[in-house]
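Quick caveat, the model's predicted, so the values are computed rather than measured. By convention in this document, chain letters (A, B, ...) are assigned in the order of the sequence lines, proteins followed by strands, and residues within each chain are numbered from 1.
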Amino acid sequence: MPKDYKDTLNLPQTDFAMKANLAEKEPQLLKFWQDNKIYEELQEKNLREGKGKFILHDGPPYANGHIHIGHALNKILKDIIVKYHSMNGNYSPFIPGWDCHGLPIELQVDKSLGKEKESIDILRKRQLCRDYAEKFINIQREEFIRLGVFGYWDTPYITMSNEYEATIVREFLTFVKKGYVYRGKKPVYWCPSCVTALADAEVEYAEKESPSIFVAFEIIDKDKIPIKDAPVYMVIWTTTPWTLPANLALAVHPEFTYVGLKSSKGIIIIVKEAVKNIKDKIEIEETPIFEIKGAHLEGIRAQHPFIDRVSRVVTADFVETGEGSGIVHIAPGHGMEDYEVGLKKGFEIYAPVDEKGRFTKEVPYFAGQNIFSANKEIISLLNEKGLLLWEGKITHSYPHCWRCKKPIIFRATTQWFISMSHDNLRGRALEEIDKVRWIPSWGRDRIYSMVERRPDWCLSRQRSWGVPITLFLCQNCEHIIVDEELFEKIISLVEKEGSDVWFKINIHDLLTDFSCPKCGSKEFRKEMDILDVWFDSGVSHAAVLDRDPKMSWPADMYLEGSDQHRGWFQSSLIASIGSKEKAPYRIVLTHGFTVDGQGRKMSKSLGNVISPQEIIKINGADIVRLWVSAEDYRDDIKLSKEILSRLTEAYRKIRNTLRYLLGNLYDYDGGDYSSQLLEIDKWAMHRLQKLIRRVKRAYEEFEFHQVFHAVYNFCVTDMSAFYLDILKDRLYTFKRESPERRAAQWVLYKIANSLIKLMAPIISFTAEEAWRHLPFTKEKSVFLSAFPQIEEKYIDEELENRWNKLIEIRDEVNKALEIKRQEKFIGNSLEAKIILYVNKTVKEFLMGYSDFLPTLFIVSQVELKEEEKLEADFKVSVQKAEGEKCQRCWNYSPMVGKLPERDLCPRCYHVIES
RNA sequence: GGGCCUAUAGCUCAGUAGGUUAGAGCGCACCCCUGAUAAGGGUGAGGUGGUUGGUUCGAUUCCAACUAGGCCCA
C-alpha cells in the first residue's frame, strides 16, 4: 500500500460554496446592502470626489399590479448601467418613479365600488384611487428591490404627490401662458345611454345589425366631368345613415380610377373595382361612359341629399375598394378618419347630436329625434328624394358600451389641446430629435416620423383620477382666464394640499373682484376635465431633475421599451420643449419586448408567461440578471425554460471558476510577486487585460451581452480548460512559499479580483458574496471598490502570438492523446510521453520551451526530434511515460523508486525533505 | 391595412465595408479523471445562413417581394 501524500499538497480550500443557493442567500445580501446603505455611501463618495455624473432618469411604471418580466428587464438594464458608472466613480443617483393617475386605477376602484360609483363624492373616490396606487407602489418597490436594483427607494418620485402635482400644474400653466393650449372639438367614443365619454379601454366590440345603404350625391360642378347634359351622382355607402346630416365631404382615393356608369337614375360615379359588386344592387350598364382618376375629382362640389348644403370632394389615402363604392362619406364630427380629414382640409368638426344621442335643433326634419331610431326615417327621406340607390342590412362588429352594453357613437366634443404648430413646436421638436443619440439608431427615424405626423396633443379626459385642468372660463363668453398671479396662487395651493384642492375651492375666493378681460362678465366656471396622464409623466424631467441641485438637466439617458417612442419619449420631449426649449435627454436607449422561446409574445392565453418572481424563487435574482445581460436587448428578448436552464449552467460555470480561484488563495500572503512570473502567467495577465478592455468597451457602449459572452468565454476557455488546468501541478505540489507558486497566486488574485468586479453590475449578489471570500480587500462591499483598470504593461501581443502557436501544438497533442485514450492505451494524460517530430523552424521555436512542454501538455515527458521530411510542421507520437508514477504529483519519472522516499519523484522528494 | 424592427447550428451570441472549407461557448455523443468532485479535462458530430427573386464574375453580407414574429398606429 503506497503512502498517502495528499496531506502534503496545497489543495484549494474555500467557504465559497459550490451550490449557489441564491434564493436563500440573496435576501441576506439585500439586508446587508440596506443596513449599510451601500448605494447611498457609494453615491455620496462619488459626489464628493466629483469625477463626473451619469444621470439615468427612470421612466415611471404604472402603479397597478405586480411587476412582470418586462419590468424586471427594464429595471435591471438600468441598474447595470447605474452600477457600472457608479463603480467608475460617477455620481449616478437613480430615483425610481411611479405613474399613479389614470383610467386603469380608476376603473379598478369603480369595480370595487359597484353601484356606489354613481353617487360617490369625487374627493372620496380620488382618495380610494390614491390608496390603490399607494398599495401597488409598495408591492412593486419590494419586487424591484428584490431584483437587486440599487436606487433611492425611500424617496421615489410619485406623480400623485403634492410636489409632483404642483409641477404638473406649473408646467401645464406654462403651456397656457405661452399660448400653446386651445379648446377645440374632437370625436370621442360616447355612450348616449350613460351620457358619458368612454375611453378606448371601455369599449367592447360586438355584432350588431345595421342598415347598409348606397346614397347618391348630385354633382354641382360638372366642368371636370365629360357629361354636361344629364345629372351625375357621386355614390357613397354607409352603415350609419344618422351621420348623413353631419356630412361635409366625400373622400376619394387620389390614385384610384373612377368610372361614370349609366343607371336608371342618371350617371353614377363609383370606383372601377366596385362595378362588379354594385351591379347586383344597382341597375347599371357595366361599360363605363368615362374614366377619371380620383385626384381629378378633388374639389368638385356635390349637393347634400336632403340638407341645403354643399359637400366637397376630397382625396384621402385610407379610402378602400373592398366594400362600398370607393367614395367615403365624411362627417368630421363622427369618426376618427373623418376627423383627420376634417382637420387637414379645414372643415368644421361638426356633430349636431346632443349628449343623449338626439339630433340638435339645427337639423332639419329630424331635430330632437334619437339618432338610431331616425335611421329609418332618413332612409325613407332619401328614397323620397330619389337618392337612395340600394338598401339592405349588414351584421358587423360595432363598438358597444361596456357598462350598459348598448351601441355607442363617435361624437365630437370640446377638448383641450396643445397645438403642435404654435410657435413651431413640431419643428423645434424635430430639430431636438436630431441632437439626441438614439440607441439603436433607427429609434431616431421612428420617433421623428411619429412627431412629424402626430396631430395636436389632446390633453383632456372626462374623468376623476388625475390632475385637473386648473383653468377658469368666462361663463358668458368662454374666454380662458390667463393671469400670472392667479396661476401662482393655484400652483402654491396644489403644492400645499395636492390637486384635490381644485375640487374644493370656491371660484370667488380666487377670483375676487375679477371680471372677464374680454366681455367684462363676473361669472366664471371651473374646468372639470383632468389632464392626460402622459402629461403627468412627460414633466418628470422637471419634477425630478430640477428638484435637486445635485442632479443635472438634461438627463444623460432615458431607457425604456421601444413602445415609448410614441409614449413617454414623445410626451417628455414635447413637454420639455414647451417649457425649456430642449430635449430632456442626451441618449435614449430602447429595448425590445420579452417573448417566449418561439418568439411569440407572452400572454396568459398562450400560457407561456414566465414571471420574475417564479425565477427568483427557483433560480435566484442573479439568474434573471444574467438573462438580461446575456440577451441582445435591441431585438425581442426570448425567455423559456430551456434558456433559463442554459443560463443556470453558465452561471454555475462562472461561479465554479470563481470558487476555484478563491480556493487557491486560501494561503496567499498578499505579496507582490509580479517579478517572479513565468511566461504562462504573463500570458494569463495579458488575456486578463484584454478581457477588461473588451468588457469596459461593452459597458460603455451598452452592449451587455458582450460582457456576458466575454467573461463566460474567458472562464471556460482561458481559465478552466487551459490556465487553471495547467496550474494545478504548480499550485498543489510546489512548496507553499515557493516563488513559482506565489507568482501563480498573485496572478489568480488579480484575476479573481477583476472578474468579481467585472461581473458585479450584472450578477450583483454573487459578486458581493465572492467579494467577502476574497482576502485583502478593504472595501466592505464590492460596489465601493473601483472598477478594474487595464494595466498596459501586461499587454503583449507578441507573447500572445507565440502562445497561439503553442496552443495550436497543444491541440494536436490532445488529438493524439485522445486516440490513445479511446484505445485504452492510456487513461490520464500523465501516463503518456510525447514524441514531437518537428522541422527545424518549429524545433528552434520549441527549444526555448523544452522544460515547460510537459507542463503545457499535462504529460510526464516530452521529447523533441528533428525530422526534415515532414508533411506538416510537426507530428505527434504518444508513448507510455518512462518510469514509475510519483505518488505525490502523479507524474511519471525514471527516478521514482531510486530515492529514500521510494514513492516520490526528485521534485516532490525535495519539497517533502525541506 | 400602414410605419418601424428582427430572422446565422438544439440554445445564447460573433462575423463578412460582397470573394476560397460561416466562427465561439454551451448543449449533445463518445472517452478520461476522481487532489475544483452534484466538479474538472479531451475528442467529435451539428448550419440548404427564414423563403423566393434581382443586382453582380461572385451574396449570408446589397435590393425587392413573400413568410413568420415583435412594437406602434388604423
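- In terms of phosphate contacts, Y732(A) brings a side-chain nitrogen or oxygen within less than 4.0 Å of OP1 or OP2 of A36(B).
- Looking at H686(A) and E800(A), their side chains do bring a donor and an acceptor atom within 3.5 Å of each other.
- Taking only side-chain nitrogens and oxygens, K653(A) comes nearer than 4.0 Å to OP1 or OP2 of G40(B).
- The side chain of D811(A) has U43(B) as its nearest neighbour among U43(B), G35(B), C71(B).
- The side chain of D632(A) approaches A14(B) more closely than any other nucleotide in the set A14(B), G42(B), G35(B).
- Rounded to a whole Å, the OH atom of Y712(A) is 16 Å from the C1' atom of A14(B).
- At the phosphate of C31(B), neither OP1 nor OP2 sits under 4.0 Å from any side-chain N or O atom of K820(A).
- Considering only the side chain of S720(A), A36(B) comes nearest among A14(B), A36(B), G35(B).
- The gap from the C1' atom of A59(B) to that of G18(B) amounts to 6 Å, rounded to the nearest Å.
- Between the side chains of H705(A) and S629(A), no donor-acceptor pair is found at a separation under 3.5 Å.
- Contact check, R810(A) against G41(B): no side-chain N or O comes under 4.0 Å of OP1 or OP2.
- The side chain to side chain contact (heavy atoms under 4.5 Å, CB included) check on E812(A) picks up K815(A), F874(A), V876(A), with sequence neighbours excluded.
- The CG atom of L626(A) lies 5.5 Å from the CD1 atom of I654(A); values are rounded to the nearest 0.5 Å.
- Ring geometry, Y732(A) versus Y660(A): the interplanar angle exceeds 60°, so the pair is classed perpendicular (tilted spans 30 to 60°).
- For the pair R730(A) (side chain) and E740(A) (backbone), a donor-acceptor distance under 3.5 Å is present.
- Listed nucleotides: G70(B), A14(B), G10(B). Nearest to the side chain of Q706(A): A14(B).
- A14(B) and U8(B) have their C1' atoms separated by 10 Å, with the value rounded to a whole Å.
- At a threshold of 4.0 angstrom between heavy atoms, the contacts of G663(A) with the nucleic acid are absent.
- Residue K815(A) places none of its side-chain N or O atoms closer than 4.0 Å to OP1 or OP2 of U43(B).
- Between S562(A) and G70(B) there is no side-chain polar atom (N or O) within less than 4.0 angstrom of OP1 or OP2.
- The phosphate of A14(B) has OP1 or OP2 within less than 4.0 Å of a side-chain N or O from H705(A).
- Partners of V271(A) by side chain to side chain contact (heavy atoms under 4.5 Å, CB included), not counting sequence neighbours, listed by chain and number: F256(A), Y258(A), E273(A), A274(A), T321(A).
- No N or O donor and acceptor, one from the side chain of T14(A) and one from the base of A36(B), sit under 3.5 Å apart.
- Sequence order on RNA chain B of the closest nucleotides to N713(A) and E818(A) puts N713(A) first from the 5' end.
- Among the protein residues, R454(A) comes within range of no part of the nucleic acid, since none of its heavy atoms lies under 4.0 Å from any strand.
- Checked against side chain to side chain contact (heavy atoms under 4.5 Å, CB included), D729(A) has the following partners two or more places apart in sequence or in another chain: T733(A), F734(A), C889(A), N891(A), R907(A).
- The residue K19(A) sits apart from the nucleic acid: no heavy atom pair falls under 4.0 Å.
- Distance CZ (R566(A)) to C1' (C5(B)): 16 Å, rounded to an integer number of Å.
- In textbook terms, a nucleotide whose glycosidic angle is within 90° of 0 is syn, and G46(B) is one such case.
- The base of C71(B) sits within donor-acceptor range of the side chain of R446(A), with an N or O pair under 3.5 Å.
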### Task
Do nucleotides 62-69 of chain B as a string where each nucleotide becomes B, S or -: B if the base has a protein heavy atom under 4.0 Å, S if just the sugar-phosphate does, - if no protein is that close.
-------S
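- For U61(B) and U20(B), the C1' atoms lie 16 Å apart once the distance is rounded to whole Å.
- Applying the 5.5 angstrom centroid cut-off and the 30 degree plane-angle cut-off, the aromatic ring of W890(A) is stacked upon the base of G35(B).
- When only modelled atom types and interatomic distance are considered, D667(A) and Q745(A) share a side-chain donor-acceptor pair under 3.5 Å.
- To the nearest angstrom, P of G41(B) lies 15 Å from CG of L830(A).
- The distance from atom CZ of R634(A) to atom C1' of C13(B) is 11 Å, rounded to the nearest whole Å.
- The side chain of D563(A) approaches C72(B) more closely than any other nucleotide in the set G42(B), U12(B), C72(B).
- Base pairing in RNA chain B gives the following stems of 3 or more Watson-Crick or G-U pairs, range against range and under 3.5 Å: B:1-7 with B:67-73, B:10-13 with B:23-26, B:28-32 with B:40-44, B:50-54 with B:62-66.
- In this structure, L817(A) places its CG atom 18 Å from P of C31(B), rounding to the nearest Å.
- Remark: R566(A) pairs with no residue by the side chain to side chain donor-acceptor pair (under 3.5 Å) rule, at least two apart or across chains.
- Minimum atom distance to the side chain of S449(A) is reached by G3(B), of the listed G3(B), G40(B), G35(B).
- Between I726(A) atom CD1 and G40(B) atom P there is a gap of 17 Å when expressed in whole angstrom units.
- Comparing U43(B) with A38(B), their C1' atoms sit 25 Å apart, to the nearest whole Å.
- By the side chain to side chain contact (heavy atoms under 4.5 Å, CB included) test, Q564(A) pairs with W534(A), E560(A), W568(A), F569(A), sequence neighbours left out.
- The ring pair (Phe, Tyr, Trp, His ring centres under 6.0 Å) test applied to F852(A) returns W803(A), not counting sequence neighbours.
- Using modelled atom types and a 3.5 Å distance limit, the side chains of Y633(A) and T590(A) yield no donor-acceptor pair.
- Under 4.0 angstrom from either OP1 or OP2 of A39(B) there lies at least one side-chain N or O belonging to R652(A).
- Using atom C1' as the reference point in both G10(B) and G47(B), the two lie 11 Å apart (nearest Å).
- Comparing the same atom, P, in C62(B) and in A45(B) gives a spacing of 31 Å after rounding to whole Å.
- M336(A) comes within 4.0 angstrom of no nucleic acid atom, judged by non-hydrogen atoms across all strands.
- As rounded to whole Å, 6 Å separates atom C1' of G3(B) from atom CZ of R453(A).
- For R646(A) and C26(B), the CZ to P distance is 12 Å, given to the nearest whole Å.
- With C1' as the reference atom, G46(B) and G53(B) are 30 Å apart, rounded to whole Å.
- Judged as a side chain to side chain donor-acceptor pair (under 3.5 Å), and not counting sequence neighbours, N814(A) has no contacts.
- Using atom C1' as the reference point in both C32(B) and U51(B), the two lie 45 Å apart (nearest Å).
- Residue E649(A) is in sugar-phosphate contact alone, with no base atom involved, counting any heavy-atom pair closer than 4.0 Å across all strands shown.
- Sequence order on RNA chain B of the closest nucleotides to K6(A) and A650(A) puts A650(A) first from the 5' end.
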